[in-house]
Asks: 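To start, I am sharing the structure in question, which I have written as structure tokens.
Whatever order the structure lists them in is the order used to number ligands and atoms, beginning at 1. All heavy atoms count here, side chains included; hydrogens, waters and symmetry mates do not.
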Amino acid sequence: MKITAILLAAGQGTRMKSSLPKVLHPVAGKPMIWHALQAIRQSTTETPVVVVGHGAGEVTQYLGDSAQTVLQEPQLGTGHAVMQAEALLKGKTDLVVVCYADMPLLRGDTLQKLVDTQKQNKGPISMLTVIADDPRGFGRIIRKDDGTINAIVEEYVATPEQLQVKELNVGGYCFDANWLWDALHRIPQNPKKGEYYLTDAVELASAAGLPVHATVMDDVEETIGVNTRVHLSEVEAAMRRRINQAHMLNGVTMIDPASVYIEADVKIGRDTVMMPNTYLFGATEIGEGNVIGPNTIIRNSKVGNGCKVLSSDIEGAWLEDDVDMGPFARLRKGAHLGNHVHMGNFGEVKDSHLADGVKMGHFSYIGNAQIGSGTNIGAGTITCNYDGEKKHPTEIGEDVFIGSDTMLVAPLKIGAGARTGAGAVVTKNVPEDTLVVGMPARAIRKLERKPKKK
Ligand code: UD1
Ligand code: MG
């Protein structure tokens, strides 16, 4: 059986007061419409169709080949919106699932139940409803004596009696496709707003004696639609709770989940502890047994196992295992810290590899550098990598000792086992096992390297 979703996303979203199309506003780091597409995937078999209108260019560009799009211009209501997909889908699908792109909390499991309800239904429509005390402006569900649904009445036309009804139209439907294409042309134009309401299809079915069934949802939170930025913040909070709970159930400890912010795509291994006020953004992957935070932001980065990251800011970086970072350390794009690297307070690393066991305790900037294993970077060391026009590389060998406040003027190579004196300004390559001092530093004697402590 072929099942295709139509996602309605043509509305203007006026109340968002935004130049960004409503469905592209992010929730947990991903556009609302991404969440809607995720939910649809489980219960449908074909590529979904998104109805675009306001901001069509931006939305279509975002979607890429994750969906087909049809343009609704002008926007004459939800029924009219679905009609735009007829030419594309007629004869190509058995069931049609319709939902709104501004409901990012709707779960795939819920849509699956809806589709299952319709598979059992002899009539042409099944729909999602919820029973709630706060009507949120939703359409009211009017049932027949036999329990099937008679009509959906929009709030602004409802009688005082109908306004009392607690069963609400969530905005998720599953239709028999053949019936739908025909019925859409019979939906009357709404006399007040001039629109064609998809919800009126329910009355058409019911008047013809065809049963309309409901999947009644029990989680009201899932039904929140975003119309304003207040709703957006409610949805964000709910999504964050959901994401954090999933990680905790997978073995991640959170001392205070309310202060942990994790975006939708992030992966975290078990026995990692997320301390308060921590943020994991983008395509970040955290391994097992780490302690992250407090007060840490990690974006688009990879962290191995057994690391400690305290009060630090990490972006586009890779930490291998047992790295000890912070407080107040900063990693930028292309920073790669090997196993057992120690990076203390007020350091910055960019586009550089610090091999296993490198120690960089305090106040340093390392950019465009390769640093050999076991090397010690003294307090206040700077790679002077930028001459005002170009970035230049610095190569430091293994077991080097860079004295405090050394300026490494790139391009520069420092051989294994070498040493620089405190305050040295190094402008020329330093051979292996050589001590340099001064400003600019000059060679003063040859050194003897001690065997490595294991
Ligand atoms: C709709 C339902 C209402 C339900 C509520 C749940 C109708 C007539 N009413 O009302 O019963 O309780 O959702 O949130 O359907 N859209 C288009 N093209 C259009 C008009 C709308 O694509 O011409 C899209 C919008 O972008 C939005 C969705 O359809 O994603 C719903 O439209 P909206 O105007 O928000 O309908 P509601 O008044 O909320
Ligand atoms: Mg709405």
Asks: Return a yes/no value for Y173: is any of its N or O atoms, backbone included, closer than 3.5 angstrom to an N or O of ligand 1?
Replies: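 By distance alone, the answer is no.
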
Asks: Is L8 close to ligand 1, meaning an N/O of one under 3.5 Å from an N/O of the other?
Replies: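 Min N/O separation from ligand 1 is below 3.5 Å for L8.
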
Asks: Any atom of ligand 1 sitting under 4.0 Å from a heavy atom of H80?
Replies: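 Under 4.0 Å: no for H80.
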
Asks: Are E263 and K30 within salt-bridge range, i.e. N to O under 4.0 Å?
Replies: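 Salt bridge absent between E263 and K30.
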
Asks: Is G171 close to ligand 1, meaning an N/O of one under 3.5 Å from an N/O of the other?
Replies: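 Between G171 and ligand 1, no N or O pair is found under 3.5 Å apart.
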
Asks: With a 4.0 Å cut-off on heavy atoms, is V170 touching ligand 1?
Replies: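 A heavy atom of V170 does come that close to ligand 1.
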
Asks: May I ask you to identify, for E195, whether its side chain, its backbone, both or neither come under 4.0 Å of ligand 1 on a heavy-atom basis?
Replies: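 No part of E195 is near ligand 1 at this cut-off.
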
Asks: Using heavy-atom distances, let me know which of R140, Q75, Q72 sits nearest atom 18 (N) of ligand 1.
Replies: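 Checking each option, the heavy atom nearest atom 18 (N) of ligand 1 is found in Q72.
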
Asks: Any atoms of ligand 1 less than 4.0 Å from a non-hydrogen atom of Y197? List them with their elements.
Replies: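 Answer for ligand 1: 8 (C).
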
Asks: Check whether any side-chain N or O of S364 sits under 3.5 Å from a backbone N or O of A379 as a donor-acceptor pair, and report yes or no.
Replies: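 Not a single qualifying donor-acceptor pair exists.
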
Asks: Do L106 and L128 have side-chain heavy atoms sitting under 4.5 Å apart?
Replies: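 L106 vs L128: side chains touch.
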
Asks: For P257, is there any backbone N or O sitting under 3.5 Å from a side-chain donor or acceptor partner on N244?
Replies: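 The answer is yes, because a donor-acceptor pair under 3.5 Å joins these two groups.
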
Asks: Check for me whether A81 has a heavy atom closer than 4.0 Å to any atom of ligand 1.
Replies: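 A81 counts as a contact of ligand 1 under the 4.0 Å cut-off.
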
Asks: So that I can tick it off, tell me whether R241 and E221 are bridged by a salt bridge, with the cut-off set at under 4.0 angstrom between side-chain N and carboxylate O.
Replies: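 Salt bridge between E221 and R241, a charged N being under 4.0 Å from a carboxylate O: yes.
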
Asks: Using distance alone, decide if ligand 1 has a nitrogen or oxygen within less than 3.5 Å of any nitrogen or oxygen in G11.
Replies: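 G11 vs ligand 1: N/O contact under 3.5 Å present.
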
Asks: T199: heavy atom below 4.0 Å from ligand 1, yes or no?
Replies: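 So T199 counts as touching ligand 1.
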
Asks: Would a 4.5 Å heavy-atom cut-off, applied to side chains only, mark I187 and M83 as touching?
Replies: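 Not touching, per the 4.5 Å side-chain cut-off.
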
Asks: Given Q72, which partner from the list Q84, H80, H54 fulfils the side chain to side chain donor-acceptor pair (under 3.5 Å) test?
Replies: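 The single option meeting the side chain to side chain donor-acceptor pair (under 3.5 Å) with Q72 is H80.
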
Asks: Which atoms of ligand 1 have any heavy atom of G139 under 4.0 Å away?
Replies: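 Selected atoms, number and element: 3 (C), 4 (C), 11 (O), 12 (O).
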
Asks: Would you please name every residue forming a side chain to side chain donor-acceptor pair (under 3.5 Å) with D387, sequence neighbours left out?
Replies: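 Expected list: H392.
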
Asks: Can you confirm, on distance only, whether ligand 1 has an N/O atom lying under 3.5 Å from any N/O atom belonging to V51?
Replies: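 No, no N or O pair falls under 3.5 Å.
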
Asks: Is L198 near ligand 1, meaning one of its heavy atoms is under 4.0 Å from it?
Replies: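 No, L198 has no heavy atom closer than 4.0 Å to ligand 1.
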
Asks: G53 near ligand 1, heavy-atom distance under 4.0 Å?
Replies: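 Heavy atoms of G53 never come under 4.0 Å of ligand 1.
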
Asks: What pairs of residues pass the salt bridge (charged side-chain N to carboxylate O under 4.0 Å, His left out) test when at least one of them lies in residues 141-157, not counting sequence neighbours?
Replies: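 Sorted pair list: R140-E155, R143-E167.
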
Asks: Consider every N or O of Y100 and every N or O of ligand 1, then say whether any pair is closer than 3.5 Å.
Replies: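 N/O-N/O distance under 3.5 Å: yes.
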
Asks: Would you check if L7 and L37 make a side-chain contact, meaning some heavy-atom pair closer than 4.5 Å?
Replies: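 In short, these two side chains touch, coming nearer than 4.5 Å.
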
Asks: In plain terms, say whether K113 and E222 are close enough for a salt bridge, that is, a side-chain N and a carboxylate O under 4.0 Å apart.
Replies: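 Salt bridge flag = no for E222 with K113.
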
Asks: May I ask you to identify, for L76, whether its side chain, its backbone, both or neither come under 4.0 Å of ligand 1 on a heavy-atom basis?
Replies: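 For L76, the contact with ligand 1 is made by the backbone alone.
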
